[in-house]
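Each chain gets a letter, A, B and so on, in the order the sequences are listed, and its residues count up from 1. Atoms considered below: every heavy atom in the structure, side chains included; atoms not considered: hydrogens, waters and symmetry mates.
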There are 2 protein chains.
Amino acid sequence: MPSDLRPYVGAHIVDGKSLSLDIQREVAEGVSALNERGVEVRLAVVIAGDDPASHVYVRNKERACERCGILSTRIDMPSTSNLEEMIEVVEQLNSDPSIHGILVQSPAPDGVNELAIASSILPQKDVDGFHPINLGRLVQGDSMGLLPCTPSGVMRMLDSSDVRLEGSRAVVLGRSRIVGMPMALMLAQKGSDATVTIVHSRTSEIESICSEADILVAAVGSAHMVGPQWVKPGAFVVDVGISRIEGGLAGDVAPEVSEIAGWVTPVPGGVGPMTIAMLMKNTLSATEMQTT
Amino acid sequence: MPSDLRPYVGAHIVDGKSLSLDIQREVAEGVSALNERGVEVRLAVVIAGDDPASHVYVRNKERACERCGILSTRIDMPSTSNLEEMIEVVEQLNSDPSIHGILVQSPAPDGVNELAIASSILPQKDVDGFHPINLGRLVQGDSMGLLPCTPSGVMRMLDSSDVRLEGSRAVVLGRSRIVGMPMALMLAQKGSDATVTIVHSRTSEIESICSEADILVAAVGSAHMVGPQWVKPGAFVVDVGISRIEGGLAGDVAPEVSEIAGWVTPVPGGVGPMTIAMLMKNTLSATEMQTT
């Protein structure tokens, strides 16, 4: 072995699957405690149409419910459902006291406004955290409400890795209402204290901005967009994106990034399972709020 | 005159007062149109206690109402009012169809939770834009709701100055729920398209981050904190802060910044009058929403 070759030490791969199971165990304990008081915890999942990926997601959520002792009710609707029909179903679930959490699987059928659906769910049953009142609490710096599952899963990953947020530079790539924007608010809020930059498709010099980040959260859905030259050596790189490419699934982060980053979350097995864990946690919290 | 001295060309001082009056004239036209349909526009202002500055702010708002043809109802409450008493007053105003906008002057009496008051106002009458549901719409990228007046006033100042936001770097100094956080969301959202960094008291190297900003919004309330070395030559500097110092009022931006910036908003006469103009605009919008 030539002397200039040394064993390669790559990024630490954050095991989202294992951390997700830890959280689900905690949730299961909380559910047991409610069960002992005679309270059953129930999540309703509404799915319209037969998109195969959506059905996989829903099955994964149902399985997580089983692991946590959460009962689930699945409402299948035709792909031809319109907004009124979907809101009618949501309203029945809103007024059903045996249902504590309501989730409408995305994407909604063509032409159905997802914002309108999110606003129709009772805020205290909104376990996806997409209702504007739950998003607004986040702007207020109040993190006691039901928060969007993906960014709160990312916060939990950072926390479990003992990454120092205070004084760090964080860059959030993407500005969606369900990941990018709430992620930026969570990282910037008091107690987290990162200095946060939101970058997006209209940003100039995106690569150089990303390369200054101690924490880089990529949430655009563009396969392998984030190359190694985008990443500061040692940075914590969170890969939220998921795209279908030849040969399988790809995140927003190119594989070679693990040669320069300090931590990388894998796809699959990173943010995805964390999102489901936080959904379970929200369902438990929602039930506790409704029954005490 | 020695040849190396040339006439000094400083920053353009953005005339918030004059722009505010332009907006109030537009609002007055909208109010006239409603009056012709038999609709009167009425704002209720609740003020508790006798803080002199608060009373000045309320009088300025009442005067703006007069200019716009908006009727105002002022509810004076004692400084000893508690949360329940204040919410009771808000609820009476919520259910009064002759009132279209409700504003509770800050600060609330000691021990009264301002977040709870903001949440008690009907969202469609929330002309300050502080209700979580109105803040949450902003996270969703929906800017059709009632938006917080100060950041929307700043957006209007940028717009009137023909500053190009797309591709620009914007830095928001401060992360309050009523200015910093909504300001960051507005600058980053689709259509505005700035690349936004939120910096705050826990940020490292704050000066160097600010000095990269094409648009710098200072909203901390610390007199003259932003010195010329914080500012990129030619930048648009928005001064939201207002502090009382010996000899009068001071913004967050030091006077010498006008020697390096391209635009500066003055204190007083900058963001302050714009905030009032946007309050008038929100009151008109709220009335239109409630009466059509």
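Annotation: side chain of A:Ile209 is in contact with side chain of B:Arg169 (closest heavy-atom distance under 4.5 Å).
In this structure, B:Glu212 CD and A:Glu212 CD are separated by 5.5 Å, a value rounded to the nearest 0.5 Å. A distance of 8.5 Å separates NZ of B:Lys190 from OG of A:Ser176, quoted to the nearest 0.5 Å. Expressed to the nearest 0.5 Å, how far CD1 of B:Ile198 lies from CG of A:Leu187 amounts to 9.0 Å. Here the CG atom belonging to B:Asp142 is positioned 11.5 Å from the CG atom belonging to A:Leu135, to the nearest 0.5 angstrom. To the nearest 0.5 Å, atoms CD (B:Gln140) and CE (A:Met181) are separated by 11.5 Å. The distance from atom CG of A:Leu138 to atom CZ of B:Arg177, rounded to the nearest 0.5 Å, is 14.0 Å.
Open room surrounds NZ on B:Lys281; 12 or fewer heavy atoms of other groups in view lie less than 6.0 Å from it.
Between B:Ser204 and A:Thr195 the shortest heavy-atom distance is N-OG1, 4.5 Å.
With a 4.5 angstrom heavy-atom cutoff, A:Ala170 does not touch chain B via any of its atoms. Interface residue A:Arg175: only side-chain heavy atoms are found under 4.5 Å from chain B.
Comparing A:Ala184, A:Pro132, A:Gly136 by heavy-atom pairs within less than 4.5 Å of chain B, the highest count is held by A:Pro132.
A:His200 places a side-chain N or O within 3.5 Å of a backbone atom of B:Ala194 that can act as its donor or acceptor partner.
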